[in-house]
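Since the structure is predicted, the reported quantities are computational estimates derived from the model, not experimental observations. Just so we're on the same page: letters track the sequence lines, and every chain starts at 1.
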2 protein chains.
Amino acid sequence: MNQFRESMFILSRKFGILNEQSCVNCCGKELSLVQSHILYEVNRQNQPSMQDIASALSMDITTFSRQVKNLIDKNLIKKTPDLKDNRIHILSLTDKGKEIQSKIDLEFNIYLEQVFSQLSEFERDTIIRSIELLNISMNKAEVCCVAALK
Amino acid sequence: MNQFRESMFILSRKFGILNEQSCVNCCGKELSLVQSHILYEVNRQNQPSMQDIASALSMDITTFSRQVKNLIDKNLIKKTPDLKDNRIHILSLTDKGKEIQSKIDLEFNIYLEQVFSQLSEFERDTIIRSIELLNISMNKAEVCCVAALK
DNA sequence: GATATAAACTTGCATAATACAAGTATTAAA
DNA sequence: TTTAATACTTGTATTATGCAAGTTTATATC
């Protein structure tokens, strides 16, 4: 139990560093880690609203609103009013946003390949399935506060 | 590869939320998440210096220095000069710090039990070993920037 | 159809977190 | 005995954060 928490703590931190490094390698100080997360998540989701992304990143909506403004100023994100409900703003990446996003992705994959090259096919599969299994059981367990993330 | 990143992204975020919730449940607004991480890490390591903890949490040393000051003001942490080298300050938890730390631990374990109760003994072991394996291969791979964390 | 309620954001504001530059104090190296 | 390096601290400016209170649009109630 404690062993698990400790390992997860370290893994999380390392994963964070990989993300940070990928972001820095790509864009230096032009883009913060949080902003790169927003690009990542907007790219990942389908026609997401502000709420969708903010809650996926568990960010306060007001903080998020301002970060989106920053990203629009940098011409990385677009905000389109929803046709059915004008309160909702759909987020999407601009061409430049897509470019940056895939550049970060590339940087990340370079690191990831180094990590995975240490492992056998079987180990890789086991790890990926383990992480997915863990996510699933977290979804089941925490109805109250963690269920929102999929 | 992308599947891995996506699952890890979600897992990291959920783990972060569990940590945050444990921290909030324990101490409300008395303690920030970062501060709880410091307590956790000081408790985990043996006679750690400022540098040790700052780098384990990949925090800037100046930011860390100020957070330590906050925690000393809250009477949760002690700073003792190293006998052999007076530049180095060894960190340790005060009694109150230990108390808070184990209270957060308790909160965290309640969540964790809910998660693990969804899983079989075998699944649990596989998950834990997978995460450890992943940590090990990350250590091997990233000599440059991630190797520091153990 | 008018009014009340709620949802999806935005902005004001005060506080906390961050990191660079430049400092002090102590130890190690030349 | 200088010189350099390490371990930390403080000054300062910038950014991030989140609550309160706002606007605008949609939904529910009568």
Side-chain angles (χ1 to χ4, degrees), chain A residues 13 16-17 19-21 23-24 27-39 42 45 47-74 77-92 145 148, chain B residues 13 16-17 19-21 23-24 27-39 41-42 45 47-74 76-92 145 148:
Chain A
R13 177 130 294 116
I17 293 174
N19 276 302
E20 177 114 50
Q21 274 300 320
C23 181
V24 168
C27 312
K29 298 199 165 180
E30 290 299 299
L31 200 72
S32 75
L33 182 60
V34 173
Q35 287 168 354
S36 78
H37 283 343
I38 294 175
L39 296 188
V42 168
Q45 289 194 28
Q47 305 267 326
S49 68
M50 303 269 294
Q51 296 277 1
D52 290 336
I53 303 298
S55 85
L57 300 174
S58 42
M59 284 178 73
D60 184 276
I61 188 72
T62 70
T63 305
F64 181 73
S65 176
R66 271 181 262 258
Q67 288 287 15
V68 166
K69 206 179 349 179
N70 291 337
L71 289 168
I72 289 172
D73 289 348
K74 290 179 184 177
I77 266 191
K78 261 180 310 197
K79 216 163 61 175
T80 322
D82 188 310
L83 294 173
K84 293 176 204 146
D85 186 337
N86 266 291
R87 291 171 302 179
I88 297 173
H89 288 183
I90 302 296
L91 297 175
S92 60
C145 51
Chain B
R13 178 129 294 116
I17 294 174
N19 276 303
E20 175 114 52
Q21 274 300 320
C23 181
V24 168
C27 312
K29 299 198 164 181
E30 290 299 300
L31 200 72
S32 75
L33 183 61
V34 173
Q35 287 168 354
S36 79
H37 284 344
I38 295 175
L39 296 188
E41 199 61 26
V42 169
Q45 289 194 30
Q47 306 265 327
S49 69
M50 302 271 293
Q51 297 278 2
D52 289 336
I53 303 297
S55 85
L57 299 175
S58 42
M59 284 177 75
D60 184 276
I61 188 72
T62 70
T63 304
F64 181 73
S65 175
R66 272 181 259 259
Q67 287 288 14
V68 166
K69 207 184 340 181
N70 290 337
L71 289 168
I72 290 173
D73 288 346
K74 291 179 186 179
L76 298 175
I77 267 192
K78 261 180 307 198
K79 218 164 60 177
T80 322
D82 189 310
L83 294 173
K84 294 175 204 150
D85 186 339
N86 266 291
R87 292 171 303 178
I88 296 173
H89 288 184
I90 302 297
L91 298 175
S92 59
C145 50

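- Between B:N86 and C:dT27 there is a side-chain N or O to OP1 or OP2 distance below 4.0 Å.
- Residues B:R13 and A:L57 come closest through the heavy atom pair NH1-CD2, 3.4 Å.
- The distance from atom CG of B:D60 to atom C1' of C:dA22 is 14 Å, rounded to the nearest whole Å.
- Mapped onto DNA chain D by nearest heavy atom, A:K84 and A:S32 fall at different nucleotides, with A:S32 at the one closer to the 5' end.
- Of all nucleotides listed (D:dT9, D:dT25, C:dT10), C:dT10 comes nearest to the side chain of A:K79.
- Distance B:D82 CG to C:dT26 C1': 12 Å, rounded to the nearest Å.
- For D:dT24, the base has no donor-acceptor partner in the side chain of A:R87 [N/O atoms by modelled type, under 3.5 angstrom].
- Rounded to whole Å, atom C1' of D:dT9 lies 10 Å from atom CD1 of B:I61.
- In this structure, B:E30 and B:Q35 approach most closely via the heavy-atom pair O-OE1, 4.1 Å.
- The interatomic distance linking B:I38 (CD1) with C:dA17 (C1') rounds to 11 Å, in whole Å.
- Sequence order on DNA chain D of the closest nucleotides to B:Q51 and A:L83 puts B:Q51 first from the 5' end.
- Between the C1' atom of C:dA16 and the CG atom of B:D73 lies a distance of 15 Å, rounded to the nearest Å.
- A residue-by-residue look at B:M59 and A:S65 shows that A:S65 has its nearest nucleotide of DNA chain C further toward the 5' end.
- With rounding to whole Å, A:L31 atom CG is found 15 Å from D:dA16 atom C1'.
- Side-chain atoms of B:D85 lie closest to C:dT26 of the nucleotides C:dT18, D:dA16, C:dT26.
- The phosphate of C:dT11 has OP1 or OP2 within less than 4.0 Å of a side-chain N or O from A:K69.
- What you find for B:I38 and B:L71 is that their closest heavy atoms are CG2-CD1, 3.7 Å.
- No side-chain heavy atom of B:H37 sits under 4.5 Å from any side-chain heavy atom of B:M59.
- If you take NE2 of A:H89 and C1' of D:dT23, they are 11 Å apart, rounded to a whole angstrom.
- Distance, B:F64 CZ to D:dT10 C1': 17 Å, rounded to whole Å.
- Out of C:dC9, C:dT18, D:dT17, the shortest distance to the side chain of A:R66 is found at D:dT17.
- Listed nucleotides: D:dC8, D:dG18, C:dT18. Nearest to the side chain of B:I88: D:dC8.
- Each of A:K29 and B:Q35 was matched to the nucleotide of DNA chain C holding its nearest heavy atom; the match closer to the 5' end belongs to B:Q35.
- Distance check, rounded to the nearest 0.5 Å: SG of B:C27 to CG of B:L76 gives 8.0 Å.
- Comparing D:dT9, C:dA8, C:dG12 by their nearest atom to the side chain of B:T62 picks out D:dT9.
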